[in-house]
Amino acid sequence: MAYAIRVRRSVRHSVLATSAVMMLSGAALAAQQAPMLDPLVEDGTLPPVDERLPENPLVVEPVDSIGKYGGTWRSGLRGRGDNAWISRTLNYDGLVRYNREWDEIIPNLAESWEVSEDARQYTFHLREGLKWSDGTPFTSADIAFASDLIQDPDYPVGGLFLTDPGNPVTLEVVDDTTFTYTFEEPNGLLLDELAGVNGITLVSLQKAYCGQFYPAENENADQLAKDEGYENWAFMMEDKCAFGQETQRWSNPDLPFMNAWVIDEPWTANASRVVFERNPYYWKTDPDGNQLPYIDRLEMRVSESAEELTLMALNGEMDFTDRHITTVANRPLFYDGQEQGDYRLGANVPSQSSTLVLQLNLNHSDPVKAELYNSKDFRIGLSEAINRQEIIDTVFTGQGEPYQVAPRPESEFYDEEMAKQYTAYDPEDAIAHLEKAGLTETNGQGIRLMSDGKPAVITVDVISAFRPEWIDMLELMSLQLREVGIDLEINNIDRTLFYDKRPSGDFDAQVWQGDGGLDVIQEPRYYFPANAESAWAFQWQSWFNGTDPEIASEPVDWAREQMELYSQLKASPDPEERKALMRQILDIAKENFPVIGVSLAPDGYYIAKNNLRNVYEPMKHAWLFPTPAPYDPQQWYFD
């Protein structure tokens, strides 16, 4: 027996939960379009707006008011690698999506779906009459093409919900708007996967365009690639049809989109700006039948200099941003500059639990260090030797509180005991734990000696370009840990090397931010060895995920128990059962204390021009919930 997933119509979810009702009224109203499109319709370049919209457009309820058309949203990119900002602004239009409260999955390109009771079969129904930005129909055939490509071993495209070796999936295309995924085993988290950033891949590969580069659709694809100077079809596909956060996706103006804005000035190697214009085939309207988006263009300045972007914002030359420059250190500067820059500051609630996560490598290639790092007493000793309040006062101007890696207070999984354990600054108890871990002797410099007689030196890999404050934090931690006989050395490296070191296990520790503070189930990387971001036990997560078998190693009992629980969680169709299983995983994490946090990430902020309307506040800020896109920038407008 199957059951339908329908949109709830409670008052609390009225922001978008009323979309099922609004669709009907929207379809009955005469559709309106942006004035910039009028000449294109008049000269026959575009069909009329009612022919460009689907039969039942998704109706977006504005945050405050019906908007007006026009204007350019100005923001900035931090150099060539800042593709995530583009994804966060315009690339959140998957089959399904989260609502603005991030507590419910609601329709999007798929207007409805059914899930079997055992969570093995999912049937989706697309909106009738959807069109890509080039006017080509968006149908189940595009989903089938993307699914085939995602699962092709010769094209490392990602999309784990279709490539889990332990749970094969088949796709049946029923008709142009209906298709069914059938998994060999239950997949209770599929909708969460599709509602997050990973789900965008599935709707980003148009068969009509990208199929010409794929051998299964075009037997001459390899020759076509070689004729254009590529080694083979896969390289050409990557260049022409890259998706999601890949830089190439924003470099090809010929690539069709389902997003509100499409490429006008591409992201080339020497581009000083990237520009997007409204998609005339966008499939959402407001309640009055006005086709979205309201804003005509997005213009992003490309700069390697955070100082240049900061000055732009202070001068009122950014209409909305919350990336790179909205730091704790800059908050007083931006606060004082509001009147002169004609902007306001809005609140962001971060998903991160901790400002910095110290991940000792429990799978270290050096057996002496591996044994030491696997000692819970050693980790407790390090944690109690950290003067967190000093770090908070010095680096974060007093904002935040001592905090381990644990669900945030706003989360339903919040556990005060887990969040606060071993956060009290207690050098004497820290020394007792270090000695219990076997570090009883010291050298002439006062550094404790490991079992092989070598000094206890922890070299910490860090990417300062990502979070400049991490260097300040680590410098303070280095001074604090030296007081108890531990030498912490800072190794500032680039992001490529940072990730390349993980499989071999030849590193001491790495730091990152505390993901999983709000997205607890979706991002459990620090609670157990869940994925490739679990740097603290990379070889254990490889064993769990069936990846890199040549380096995978079997986990210790407690981690293996967590993995078994998470496998049950993924298989469960019952949300309450999934929550109960997650709480068991968290209890085991609390008991075994695998990673060390520093402080609760304080609320962040965004910068918005005073005339920019319909901007939600406060925004929850995450990667899996790619702020600000879930807050519908399509309905933002300039007054």
Side-chain angles (χ1 to χ4, degrees), residues 153 156 158 160 163-167 198 356-380 382-383 405 437-438 450-452 454 456-463 488-489 491 493-516 522-570 585-586 588-597:
L160 294 178
T163 57
D164 181 353
N167 195 5
N198 293 332
L356 178 149
V357 181
L358 178 62
Q359 301 181 76
L360 294 170
N361 180 13
L362 306 193
N363 299 153
H364 206 295
S365 56
D366 181 339
V368 172
K369 287 189 173 182
E371 181 181 11
L372 181 62
Y373 296 169
N374 273 274
S375 167
K376 179 182 174 182
D377 280 305
F378 180 67
R379 299 193 296 274
I380 292 173
L382 295 183
S383 184
V405 179
M450 300 185 296
S451 61
D452 59 358
K454 295 179 180 179
V457 179
I458 304 173
T459 300
V460 180
D461 297 336
V462 58
I463 308 172
L488 187 148
E489 296 183 348
N491 183 32
I493 59 177
D494 67 48
R495 194 160 186 169
T496 300
L497 181 58
F498 186 80
Y499 286 105
D500 286 348
K501 294 174 72 173
R502 291 179 177 179
S504 69
D506 188 21
F507 68 96
D508 292 347
Q510 292 188 342
V511 298
W512 200 251
Q513 60 193 10
D515 298 74
Q522 297 94 332
E523 185 48 274
R525 63 174 71 173
Y526 300 126
Y527 304 129
F528 81 100
N531 54 50
E533 295 300 328
S534 302
W536 57 278
F538 190 87
Q539 294 172 13
W540 291 350
Q541 72 81 26
S542 295
W543 182 91
F544 174 57
N545 292 305
T547 57
D548 300 316
E550 66 279 0
I551 60 101
S553 62
E554 188 169 348
V556 293
D557 289 345
W558 61 265
R560 187 164 182 171
E561 181 182 357
Q562 289 179 306
M563 293 171 179
E564 291 170 355
L565 289 167
Y566 199 73
S567 294
Q568 295 176 42
L569 182 155
K570 290 196 299 181
I585 293 170
L586 291 170
I588 296 172
K590 177 170 66 173
E591 171 61 29
N592 290 279
F593 188 54
V595 297
I596 300 170

Handout entry: Side chain to side chain, Q522 and N198, heavy atoms closer than 4.5 Å
Key = no

Exercise for the section: Would you indicate whether D557, at its atom CG, is surrounded by more than 12 heavy atoms from other residues, nucleotides or ligands within a distance under 6.0 Å? Expected result: no

Fill in the blank from the handout: For S553 and N363 the tightest heavy-atom approach is OG-ND2, 4.4 Å

Fill in the blank from the handout: Closest heavy-atom pair, R560 versus P555, reported as atoms and distance to 0.1 Å, is N-CB, 4.1 Å

Problem - L488 and L382, any side-chain heavy atoms less than 4.5 Å apart - result: no

Problem - Flag, side chain of D366 to backbone of V368, donor-acceptor distance under 3.5 Å - result: yes

Practice task
Can you run down the ring pair (Phe, Tyr, Trp, His ring centres under 6.0 Å) pairs that involve residues 530-570, sequence neighbours left out, and say none if there aren't any?
Solution key: F528-F544, F528-Y566

Handout entry: Between CG on residue N491 and CG on residue L497, distance to nearest 0.5 Å
Key = 7.5 Å

Practice task
For the residue pair N374 and E371, establish whether any side-chain heavy-atom pair is separated by less than 4.5 Å.
Solution key: no

Fill in the blank from the handout: Those residues at least two apart in sequence (or on a different chain) that pass side chain to side chain donor-acceptor pair (under 3.5 Å) with S534 are none

Exercise for the section: Keeping the roles fixed (side chain from R379, backbone from V595), state whether a donor-acceptor pair exists under 3.5 Å. Expected result: no

Fill in the blank from the handout: Those residues at least two apart in sequence (or on a different chain) that pass side chain to side chain donor-acceptor pair (under 3.5 Å) with R495 are none

Practice task
To the nearest 0.5 Å, tell me how far D515 CG sits from Y527 OH.
Solution key: 9.5 Å

Handout entry: Distance-only side-chain donor-acceptor flag, Q539 / D548, under 3.5 Å
Key = no

Practice task
Provide the closest heavy-atom pair for N361 versus A535 in the form atom of the first, atom of the second, distance.
Solution key: OD1-O, 4.2 Å

Exercise for the section: May I ask you to test the L565-I588 pair for a side-chain heavy-atom distance under 4.5 Å? Expected result: yes

Exercise for the section: With sequence neighbours left out, write down each residue that passes side chain to side chain donor-acceptor pair (under 3.5 Å) with K454, or none if nothing qualifies. Expected result: none

Just distance, no hydrogens or angles: give the donor-acceptor pairs under 3.5 Å from side chains in residues 503-512, sequence neighbours left out.
residue: S504; atom: OG; partner: K501; partner atom: O; Å: 3.2
residue: S504; atom: OG; partner: D506; partner atom: N; Å: 3.3
residue: D508; atom: OD1; partner: H364; partner atom: NE2; Å: 2.7
residue: D508; atom: OD1; partner: K369; partner atom: NZ; Å: 3.1
residue: D508; atom: OD2; partner: K369; partner atom: NZ; Å: 3.0
residue: D508; atom: OD2; partner: T459; partner atom: N; Å: 2.9
residue: Q510; atom: OE1; partner: R502; partner atom: NE; Å: 2.9
residue: Q510; atom: OE1; partner: R502; partner atom: NH2; Å: 3.2
residue: Q510; atom: NE2; partner: F498; partner atom: O; Å: 2.8

Handout entry: Non-hydrogen side-chain atoms of E533 and Y499 separated by less than 4.5 Å
Key = yes

Practice task
Kindly write out the residues that satisfy side chain to side chain donor-acceptor pair (under 3.5 Å) with E561, not counting sequence neighbours, or none if the list is empty.
Solution key: none

Completion exercise
Rounded to the nearest 0.5 Å, the CD1 atom of I458 sits from the CG atom of L372 at a distance of 7.5 Å

